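Okay, structure first, notes after.
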Amino acid sequence: MSDTAPPEPKNAGATVVRGARPTQSASEVTLGRDVLDAAPRTGAVDLLRAVPGMVASQHSGEGKAHQLFLRGFDALHGQDVELNVAGLPVNEVSHIHALGYADLNFVIPEAVQSIDVTEGSYRAAQGDFAVAGTVRMDLGVREQGVHLAGTLGQYRQRRLVATVRPGDDPGTFAALELGEGKGYGAQRGYGRASLLAQAIGKLGDGFTVRALGGSYVTRFDSPGVVREDDLLAGRSTFFSASSPRQGGSVSRHQLLLGVELPRTGKGRTQLEVFGILSDLRLRNNFTGYRVDERGDGLEQTNDATILGARAEHRRTVTAFGRPVSLELGLGARRDGVKQTQRRYRESDGTFFADEVDADFTQTDVWGAGEARMSFGRWALRVGGRADALGVEVFDALAFRDPRYYDGQGYSRSAFGVHLGAKAGVEYALSEGADAWRLFASYGDGFRSPQARSLAEGERAPFVSVHGAELGARKDGERWAAQMSLFGSQVENDFFFDHTVGTTVYTGETLRSGLTASLQARPLPGLVAALSATVAHAYVTATDTLLPYFAPLVARADVGWERPLTGSWLGGAGTTVSVGTGLTLIGPRPLPYDERSRTVFLADAEVAVRRGELGLRLEVRNLLDARWRDGEFVYSSRFDPSAPTSLVPQRHFTAGSPRTASLTLEVHL
């Protein structure tokens with residue numbers, strides 16, 4: 001690239017991505033690269049915060065999966081939100097730390113081309129853990145050539161990103177990220193490395209092949225929690241750590257191979273196979289010495305081997321003299337997992353008790369189908385999904401220690417089937433692709449059970465969710481808007497309080513709310529993505545609010561880019577861009593009728609680029625708010641000399657203070 005060559009605009013290719021995904025419910029949203037570039041995004045948590053209505057909490061260090069909140073659900077680390085990266089599933093079944101554990105930290109933000117969001121569970125392709133919704137990240141690099149970016153920031157933040165895009169297709173690329181930092185307080189250091197590479201090629205006779213691979217490794221510390229009364233009494237600071245041994249390590253290696261077969265008439269068929277190796281070692285202690293004088297620290301390990309395959313076929317047929325669009329899918333996934341849980345002493349880190357030592361395999365075989373027929377301005381969509389789940393468990397701890405034998409058998413197996421219906425009605429208020437459309441949608445979602453909880457011969461008890469939505473949307477190149485009323489019923493619900501390691505079964509729960517989002521591109525170079533969600537969640541038997549869900553979430557991402565000419569800084573190929581990301585989270589209900597504090601965060605960036613060189617300044621938490629990333633209410637005892645007490649206390653994990661970083665970019 002010469003000095004006078006203009007840089008490729010940020011929104012290049014975004015129109016193609018949006019047009020490639022026809023929407024069939026009111027709440028489907030695509031976030032293009034221009035929206036993702038509007039505010040600072042240097043990690044997976046920043047990408048998730050752009051999803052309308054989602055709260056992504058990073059309360060346990062830089063390497064642990066985020067806690068997610070969406071549509072009145074406290075999805076913990078993924079149990080109610082299905083996450084997918086370019087066809088690779090992220091949620092892990094029956095994980096030792098949380099059901100559906102979904103660690104997105106391997107994602108390199110610069111390699112994400114767009115994010116497709118399907119809130120609710122109204123589409124047949126949505127599978128396990130698609131309760132509050134599904135988020136899929138599609139990969140691609142914006143600019144052709146070689147891109148290097150080095151970042152230096154406060155608290156010893158250092159980050160290097162390199163991307164290579166050899167041709168015109170943004171989907172063929174390689175990306176590398178190296179990062180480390182001390183963190184903004186005690187026990188917040190981390191180091192990580194991630195590699196993602198994808199190749200898409202066209203073979204003869206209409207075959208298209210795709211290969212995606214990646215490796216990721218990290219080591220991180222975790223600060224734990226701060227008791228509110230310790231902060232008020234001066235025994236702790238806002239950024240204190242509760243104990244020194246918390247943190248963990250993660251590795252993930254993955255490979256996906258896919259092929260699109262030659263088109264036959266109006267049909268299209270895709271085949272994909274994938275494999276994932278995932279390892280986690282995690283230490284945390286959220287209660288200090290409440291349970292045991294030696295300490296309540298837990299070390300958990302989860303080593304998983306995941307193999308899967310899927311086939312998707314789309315075609316248009318004629319029925320009753322009208323065209324019908326069909327989407328059919330088949331798939332299978334096998335998870336083989338080895339997991340342990342042990343208690344360790346705070347004094348020296350040695351183990352003194354084993355609590356879990358188990359091996360299991362969990363196999364899900366599924367089929368789904370959906371048909372859409374148009375009648376003038378009306379359209380009808382009907383479909384369904386069937387999942388058959390088989391589980392085999394070997395309880396090694398019970399086998400060698402009779403104290404842990406519960407009568408279920410050392411080795412046991414279970415099987416179950418979940419059937420779910422999907423349906424939708426659509427009406428266009430006028431002719432044309434940019435007309436307002438009205439939608440009514442219904443869908444059954446599910447989450448699979450914890451494998452170790454199943455008894456011999458048990459019918460695997462899926463948690464079933466019935467959801468409905470009424471909404472409207474308008475899609476266009478200049479602006480697009482969505483709004484919807486939603487509701488869901490969960491049979492035999494539960495929530496897992498991972499701070500104290502207990503599962504609370506609540507029976508039936510109901511959630512309802514309103515969500516709205518707007519994407520506007522009123523002027524060249526200007527993009528704004530605005531969203532707000534109001535939700536209500538309660539237990540029907542007691543008419544009490546569910547703890548931790550987010551009743552109000554609002555988000556604004558606004559970016560502006562323009563060329564500079566006629567100034568001392570300007571000249572051919574010079575651009576300047578500014579952007580901001582604003583987040584508002586209303587008070588969340590906590591146990592014992594407590595409420596969390598309101599959170600308002602503002603991030604900002606400004607960047608200048610001329611030819612091959614660019615400079616970008618990013619400031620997180622611009623207003624330096626003292627905010628609490630997570631707030632909890634339970635009993636604890638962090639001073640071993642203090643008397644034991646079961647009186648609940650407020651705890652919190654501190655959010656990041658104002659943090660600035662400077663990035664130098666080289667484009668070749």
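Worth saying up front: this structure is predicted, and the values here are computed from it rather than measured.
Between the side chains of Gln362 and Arg334, no donor-acceptor pair of N or O atoms lies under 3.5 Å. Side chain to side chain, Gln126 and Ser121 fail the donor-acceptor criterion of an N or O pair below 3.5 Å. Side-chain contact check for Gln482 and Ser517: at least one donor-acceptor pair (N or O, by modelled atom type) lies under 3.5 Å.
Not counting sequence neighbours, Asp434 has no partner by the salt bridge (charged side-chain N to carboxylate O under 4.0 Å, His left out) test. For the ring pair (Phe, Tyr, Trp, His ring centres under 6.0 Å) test, residues two or more places apart in sequence or in another chain that qualify with His536 are Tyr538. With sequence neighbours left out, Phe207 forms a side-chain contact (heavy atoms from CB on, under 4.5 Å) with Leu203, Asp205, Val259, Leu261, Pro262. Residues that satisfy the side-chain contact (heavy atoms from CB on, under 4.5 Å) test with Ser27, not counting sequence neighbours, are Ser25, Arg71, Glu119, Tyr122, Glu469, Ser484. Take Phe446 and apply the ring pair (Phe, Tyr, Trp, His ring centres under 6.0 Å) test, not counting sequence neighbours, and it matches His418, Phe462. Every side-chain contact (heavy atoms from CB on, under 4.5 Å) that Leu514 has, sequence neighbours left out, goes to Leu485. Taking Trp436 as the reference, nothing meets the ring pair (Phe, Tyr, Trp, His ring centres under 6.0 Å) condition, with sequence neighbours excluded. Remark: Val35 engages Leu31, Gln519, Arg521, Val527, Ala529 in a side-chain contact (heavy atoms from CB on, under 4.5 Å) (not counting sequence neighbours). Scanning for salt bridge (charged side-chain N to carboxylate O under 4.0 Å, His left out) contacts around Arg268 gives Glu260, with sequence neighbours left out. Legend: residues meeting ring pair (Phe, Tyr, Trp, His ring centres under 6.0 Å) with Phe394, ordered by chain and number and at least two apart, are Phe399. For Arg385, the salt bridge (charged side-chain N to carboxylate O under 4.0 Å, His left out) partners two or more places apart in sequence, or in a different chain, are Asp387. Among residues two or more places apart in sequence or in another chain, the salt bridge (charged side-chain N to carboxylate O under 4.0 Å, His left out) test is passed with Arg123 by Glu28, Glu327, Glu370.
Side-chain atoms of Ser194 come within 3.5 Å of backbone atoms of Phe106 as a donor-acceptor pair (strictly under, hydrogens ignored).
The residue from Arg377, Gln24, Arg372 that alone fulfils the side-chain hydrogen bond (donor to acceptor under 3.5 Å, both in side chains) condition with Glu426 is Arg372.
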